[in-house]
2 protein chains.
Amino acid sequence: MELFEKTGKIALGSRLRYMASNVTDEAARLHELYQIDFAPKWFPVFFVLSEGDCKTITDIANEIGHSQPSVTKIVKEMINAGLVEDNLRSQDKRRNMVGLTKQGKALWERMRIQCIDIDHAIDGIIQEATHNLWEALAEWEFLLEQKSLLKRVQEQKKIRESKDVRVVPYQAEYRQAFKSLNEEWISTYFEMEETDHKALDNPEEYILAKGGKILVALYNNEPLGVCSLIKMDHPEFDYELAKMAVSPKAQGKSVGTILGRAIIEEAKTLGASKLYLESNTILKPAINLYHKLGFQKITGYPSPYQRCNIQMELDLRNS
Amino acid sequence: MELFEKTGKIALGSRLRYMASNVTDEAARLHELYQIDFAPKWFPVFFVLSEGDCKTITDIANEIGHSQPSVTKIVKEMINAGLVEDNLRSQDKRRNMVGLTKQGKALWERMRIQCIDIDHAIDGIIQEATHNLWEALAEWEFLLEQKSLLKRVQEQKKIRESKDVRVVPYQAEYRQAFKSLNEEWISTYFEMEETDHKALDNPEEYILAKGGKILVALYNNEPLGVCSLIKMDHPEFDYELAKMAVSPKAQGKSVGTILGRAIIEEAKTLGASKLYLESNTILKPAINLYHKLGFQKITGYPSPYQRCNIQMELDLRNS
DNA sequence: AGTAATTATATAACCAGTTATGCAAATTTA
DNA sequence: TAAATTTGCATAACTGGTTATATAATTACT
């Protein structure tokens, strides 16, 4: 199929289905070649039953990775074909124990020969090819079990989108965003306090004029994250990292990380040696982010905020 | 799936189907991730329409390798979703020209980004894996087009079965087979002649007693092929290769070749230096076999058989 | 020009699987 | 020990495809 070269790997599913149906069609004709009256779809059930004892419908389904109703249907067909018997010995009357009939066992003996021929034929193709399809499938089953395709694509999306996040200094046009993004999370988890209102209603005066800094993260020119450094009058700490807020719309774009790293760089260029922050352990993603950025938990400083139950610091002289 | 390791490569079809369904399921969830209201099965149609102009149902079906009714259904669904318009300009009123709507084109632009992420994600798996599934599929498509799986298995069957063919010297128990196998082909294509009756009714006297040899090919102890060397009283030729017959039941087991090689070996151990045979060009498979065994066409010797229109020789001193 | 053959599509019926559901038997819990 | 839950299976309805077939429009052939 030429199409697959054009679409790219997004058509992997279609390509697999296409190959599967080709192979299955040929398998059907193979049974004719060996003059065996056998539907290819019976094979997995037939195989597990050939291993010996009788089994329940559900056990077979689990072993072959089909749904239970699918096995029920196949077993019914195989009973009609005389290959399989059901309701074999079991005291549990819900269970339907299924096993091969004499005829089924005899057919299996003939089938094994056919399997060997097919195995050789497929090995032949593997020899001819430079890429081993059989091994590739086994490997992919493993790799996708480890980390699903969905997860892998999600990661790619994040990488791509985070490339489109720009961090810019605060300007008057972002005052509304600075306020609403912060109000959103504060009023969701806590109550707005007096100190919040002061800083959010007039950041120019309460943050910038006092030597602080505000950064805004833009995605498609829309402000989706904000963050500020507030100048502290403290023997140890130069700035407080505060009023960090990221819109829920921006999830999965690493906006928090990008903004955090940018504000730390900003602090460094301002000549800061130690940063301080206060938060609440209820905000798990935020705490995780601070940790990732290098902040360490500290204790014993007074806070103007009621909601604060954790304090952290970042020593910039280390890095 | 552990099963696939146990069944061997005969389950290739199942394994492919299993992987295809896994990948397709994840694809469906991917569209959710990107908040696109889109059924994965629409993708091939959507893709070919995105390439530009509108197309007929049948053209689309051919391009994506689906049946025409499948495309009819998909197009209908996409019309309901507002992505596609039908009955676009065409003077031929049988044709249903289909193209993307504005909305469809807009969706394609968003989708392209998604495709890139998926491509990257799949490339990532390919990097992790040692066997390249994508390339393997492309290669297999090519190799199976060159020679179908059916044909390849047929070849393996032939190789295996020809190993079970045993060649043994003539014994009285094979007299009936020697006669009937020869009568079968002679009376199908020609008339039985006087010379035939003599040799077939009493091979001990007319062939063996005169220093000739008869070999019988057995498959599962059943005589399915016969062949004889008849001592010639001739300055150039030592023996005539004659009364070679293979049952139609034995087709695809290389019985003819095996028997031919055996009788040539026999002639060598008898010290023969040149073999002779007569046949008819109507028997193409036989002539091919003689050729394969090394016989060369010659002319100008008298024959007791009416049906003979070609004569061949094999010089044993060459090999 | 009229008939026959071909083409493009829609529709119906099927196929190999799925999920959803209901029922009876068995097991667990109170 | 009775009630609640779980288990095993059959059945029904759906899905994404298929083949077979009917019909209308077009083209080819007297």
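The sequence lines fix the lettering, A, B, ..., with proteins before strands; numbering per chain opens at 1.
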Confirm from the modelled atom types if K73(B) and dG17(D) form a donor-acceptor pair under 3.5 Å, side chain to base only. yes
Rounding to an integer number of Å, can you tell me how far H66(A) NE2 sits from dA10(D) C1'? 18 Å
Nearest-Å distance, CZ (R94(B)) to C1' (dT26(D))? 4 Å
Cation-aromatic face contact K6(A)/F47(B), 6.0 Å, 45 degrees: no
State plainly whether the residues R15(B) and E5(B) are in salt-bridge range, i.e. N to O under 4.0 Å. yes
State which of dG8(D), dA10(D), dT19(D) makes the closest approach to the side chain of T58(A). dG8(D)
Taking NZ, NE, NH1 and NH2 as the nitrogens, is one of them in R112(A) or E109(A) under 4.0 Å from a carboxylate oxygen of the other? yes
For a quick test of reading the model: is some side-chain N or O of T56(A) closer than 4.0 Å to OP1 or OP2 of dG8(D)? no
DNA chain D: P69(A) or R17(A), which has the more 5' nearest nucleotide? P69(A)
Mind calculating the distance between CG (D25(B)) and C1' (dT15(D)) to the nearest angstrom? 12 Å
Nearest to the side chain of S67(B), which nucleotide is it out of dT26(D), dT19(D), dA10(D)? dT19(D)
Kindly say if K76(A) contacts the phosphate of dT11(D), meaning a side-chain N or O under 4.0 Å from OP1 or OP2. yes
A side-chain contact here means heavy atoms from C-beta on lying under 4.5 Å apart; do I122(B) and W140(A) qualify? yes
Using whole Å, what does the distance between atom P of nucleotide dT18(D) and atom OH of Y18(A) come to? 11 Å
Taken to the nearest whole Å, CZ/F43(B) to P/dG17(D) is 13 Å
Reading DNA chain C 5' to 3', which nucleotide is the first, and which the last, to come under 4.0 Å of any heavy atom in chain A? dA16(C) to dA26(C)
Should the pair E128(A)-R152(B) be classified as a salt bridge under the 4.0 Å nitrogen-to-oxygen rule? yes
Return the value, rounded to whole Å, for the distance between atom CG of N22(A) and atom C1' of dT18(D). 14 Å
By nearest heavy atom, map R95(B) and K41(A) onto DNA chain C; which one lands nearer the 5' end? R95(B)
Of R160(B), K158(B), K9(B), the residue whose pairing with D117(A) passes salt bridge (charged side-chain N to carboxylate O under 4.0 Å, His left out): R160(B)
Are more than 12 heavy atoms from other residues, nucleotides or ligands located less than 6.0 Å from atom CG of D37(A)? no
Here the distance between atom P of dT18(D) and atom CD of Q68(B), to the nearest Å, is 11 Å
Take the protein atom CG of D59(A) and the nucleotide atom P of dG8(D), then report the distance between them rounded to whole Å. 8 Å
